[in-house]
Protein chains: 2
Amino acid sequence: MKTADPELMRAINRLNVLDTIRRHGPISRVEISERTQLSTTTVSAITASLLDDGLILPRHEGDIRNEAARGRPRVMLELNPDAARVVGAKIAANRLVFVVTDFRGDMLSKLTLPIRIDRQPIGVIADLVEDGVRRCVVDAGLSLEEVDTVCLGLPGVIEHRTGHIRSSPIFRDTNVDFASEMTARLNTPTIVESDAHAITLAHHWFGKARDLEDMVLISLEQTLGLGVLHDNQLFRGAGGLSHNLGDLVLGMGARGIVRLSSQAGESEILGEQPASGRFAEAIRLGRGMAHAQALIKAEDNTLISAAIRAGEAVGVAIANIVTLFAPPRVILVGSSLALGEPFLDSLRNAYALAVPPSLKGVAELVFDDSTDDFWAQGAAAVALYELYESPWNTTGPAF
Amino acid sequence: MKTADPELMRAINRLNVLDTIRRHGPISRVEISERTQLSTTTVSAITASLLDDGLILPRHEGDIRNEAARGRPRVMLELNPDAARVVGAKIAANRLVFVVTDFRGDMLSKLTLPIRIDRQPIGVIADLVEDGVRRCVVDAGLSLEEVDTVCLGLPGVIEHRTGHIRSSPIFRDTNVDFASEMTARLNTPTIVESDAHAITLAHHWFGKARDLEDMVLISLEQTLGLGVLHDNQLFRGAGGLSHNLGDLVLGMGARGIVRLSSQAGESEILGEQPASGRFAEAIRLGRGMAHAQALIKAEDNTLISAAIRAGEAVGVAIANIVTLFAPPRVILVGSSLALGEPFLDSLRNAYALAVPPSLKGVAELVFDDSTDDFWAQGAAAVALYELYESPWNTTGPAF
DNA sequence: TACCTTTTCAACGGTATGCGAATTAAATAG
DNA sequence: CTATTTAATTCGCATACCGTTGAAAAGGTA
């Protein structure tokens, strides 16, 4: 357990103030004091220190004065966008998406590489990722030295603390120390995080969970992932490793274990199609879901029934997650949502059936079809969050 | 978010020291300093304050001096047993178990009432519980005024923060404010907690998880419960409510949803027996599982196959829990363990099959057949834990 | 234009915390 | 009886928070 000394105390309050400024846009000191319950004195001291460190900026121009415009006007404070730059990336089987953001999480540049990388040797993947990061940084008009942290979000079971990838559909090998590898290549601190965790944080910072302290997110991509927000923090399992929803067991059929991934994995849904012609080509290029959507509209019965089965399986899995975590909101993201109504309807129905009566109405299902940028932005947010906490603890006293 | 002031700092370090003393028996100040990473100065100040408050005691007698017996001898410190008294209770469908413990969690008296209370009106249950608490307190040679807190552990979905019982097999009604009811009756602060959470804490304090910071416990009783220890703390879902494992869905059969409770609930396993004769009588009296054990030994095939099916279902459920929490140890408790080898073997097999390959070997299954006292002692531990944190924050500065 | 009101924010003193160095305390070795 | 060793306390310092006070900035009013 960490020992509580003045330094920790300071760090906590600093983070609290900084986070308040981040979340509530340009904000005055008085309002910070109200929100954080800290005295105006303390807020003044902390903001002075933050200003001194260049993390925040005063805003004079465009002071939208309130109606009751008496007295000394408030000085609005906001994050200094230039305080840091980070790179966030979404690494998927058939595409790489990079984003450079400033300290506020605003996108400075983005780069999408629609290339298939899964099952490539690690060296090749690392090459491609390195290249993408460098390009995207140049696109933003920066050099890598100006980037503070890189965060790579990828599917699978990731051990966040150590940066080890326990298993991922992208890598042939297991237990890859990808964080060290990329840190060495880029000569920039690089962290590795589950893509589901990344977009969970994205929704908490910018998306559909800004108002919540607790929340669950289900990502339906090639891999089925889970992100849990508990008390404004990412809940990482024991040992800090991420969850792989696809490994959940839904039942014991005649021929053994039935896992969620075998019912609702992207390749399993699409795989039942005759692997020929335009559709197979689309799958190879990672456009499988978009194409599937078209086929469903054209009433392709094989695919529709696969989508329905997948929806049922996911709905039941979500009900089980809700049974365990009782979150007020469940956000669903990922390419499988593109399957459309047949999938979503059966998901909703199965969920309604499977959720225990005592928890009926507790959780609200929200579907979200964000673009890939958003995932990458989430990875950037993970990087920023790490920055918030660590390096400025060492700044020393405010004066 | 709580504001970090010196008071909080103090509370954290105080709790840390107190917890260290609790866990590591009689312990000297130097060793506390080593374990907590606090300076000897701070430890001295805090222990002085704790001594002043009467929460701990110095131990002079029987100073087992180490071999290397040079220098001033260490003064060992330990919890003052008399610093507080609490009552813990396990409330089950067919029995009430009460325990009075001292500040260390040691049992002073216990009382078991083998009576069937489920489906009684709330008033009747409250009467019986009140009576049991009072009796047990008298047995310990105390009066209720000397008891600081009462904690009742019972099955179902409990909202710990508010003391509301959302649903329980014991109550006909839902959403019962049992904590307020009993607080008023006993005129002593009474808290309500899930029985699974209680025994989870019991194992962390006294049992098979003393060495762990993360752990999962599965309780197999009339109701199937779950307790999660995360970072030395009970993990309570959003809103602080407990989990009901029985609501987990294991599959969609031909006639709809199949929940775990329908496969592995106590009444479901035993219910398939012809409800007549000695066995039915045993069930009514809450000895069902013991009797079932005998029948299984006598190779009652109906019962054996029910036990095997239940074992499979539980094994799969545990695998899913492990997929989500990745704990180093899973402890199984509860009356259903008495079903013996057929049940346990099929559980182990199903678990081995269902646990994802990437997590194989991560979690160790441990079976525990503690007596009912232990559950009640866990409830007492919950009460003690609340005491640790709250009331002595107000003690003021140490001097 | 000069003065007053209102509000923000920085400066000062008070009290709490924890830490490091020096000091006292208690026991053994010679 | 003295020297040595280890434990625990005391003292002084740095930091953090908070409440109060007073200066600064803007608008309103005579």
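Residue numbering restarts at 1 for every chain, and letters A, B, ... go by the order of the sequence lines. Just so it is clear, the values below take in all heavy atoms, side chains as well, and ignore hydrogens, waters and symmetry mates.
Salt-bridge annotation for A:K208 and A:D211: absent, with no side-chain N of the basic residue lying under 4.0 Å from a carboxylate O of the acidic one.
Ring-centre distance between A:F325 and B:F325: below the 6.0 Å cut-off.
Following rounding to the nearest Å, B:L77 (CG) and D:dT9 (C1') show an atom-to-atom distance of 14 Å. Between the C1' atom of C:dC9 and the CG atom of A:L38 lies a distance of 15 Å, rounded to the nearest Å. Rounded to a whole Å, the CZ atom of B:R10 is 18 Å from the P atom of D:dC17. One interatomic measurement links the two molecules: CD1 of B:I27 to C1' of D:dA8, which rounds to 15 Å at whole-angstrom precision. Per the geometry, CD1 belonging to A:I12 stands 13 Å off P belonging to D:dA16, to the nearest Å. Distance, B:Q37 CD to C:dC19 P: 10 Å, rounded to whole Å. The CG-C1' distance, from B:L8 to D:dC18, rounds to 15 Å in whole Å.
With DNA chain C read from its 5' end, the first of the two nearest nucleotides for A:S44 and A:D5 is the one closest to A:S44. Comparing A:T40 and A:M9 by the nucleotide of DNA chain D that holds the closest heavy atom to each, the one mapping nearer the 5' end is A:M9.
For A:I46, the side-chain atoms get nearest to D:dC17 when compared with the rest of D:dC17, D:dA8, C:dA29. Comparing D:dC17, C:dA10, C:dC19 against the side chain of A:T42 picks out D:dC17 as the nearest. Across D:dC17, D:dA8, C:dC19, the shortest atom-to-atom separation from the side chain of B:S39 is found for C:dC19. You'll find that the side chain of B:R74 is closest to D:dA7, out of C:dT8, D:dA7, D:dC17. When distances run from any side-chain atom of B:P6 to the nucleotides D:dC17, C:dT8, C:dG18, the shortest one goes to D:dC17. Which of C:dC19, D:dC18, C:dT8 sits closest to the side chain of A:V30 comes down to C:dT8.
Side chains of B:R236 and B:S242: a donor-acceptor N/O pair is absent below 3.5 angstrom, by distance only.
One can find a donor-acceptor pair under 3.5 Å joining the base of D:dG19 and the side-chain atoms of A:T41. Residue-to-nucleotide contacts include a donor-acceptor pair under 3.5 Å from the side chain of B:R72 to the base of D:dA7.
In this model, the phosphate group of C:dC9 is approached by a side-chain N or O of A:R29 to a distance below 4.0 Å at OP1 or OP2. Here B:N13 reaches the OP1 or OP2 of C:dG18: one of its side-chain N or O atoms lies under 4.0 Å away.
Taking the six-membered ring where the residue is Trp, A:F235 and B:H230 present tilted rings, their angle falling between 30° and 60°.
Across B:A4 and A:N13, no two heavy atoms sit closer than the pair O-ND2, 2.9 Å.
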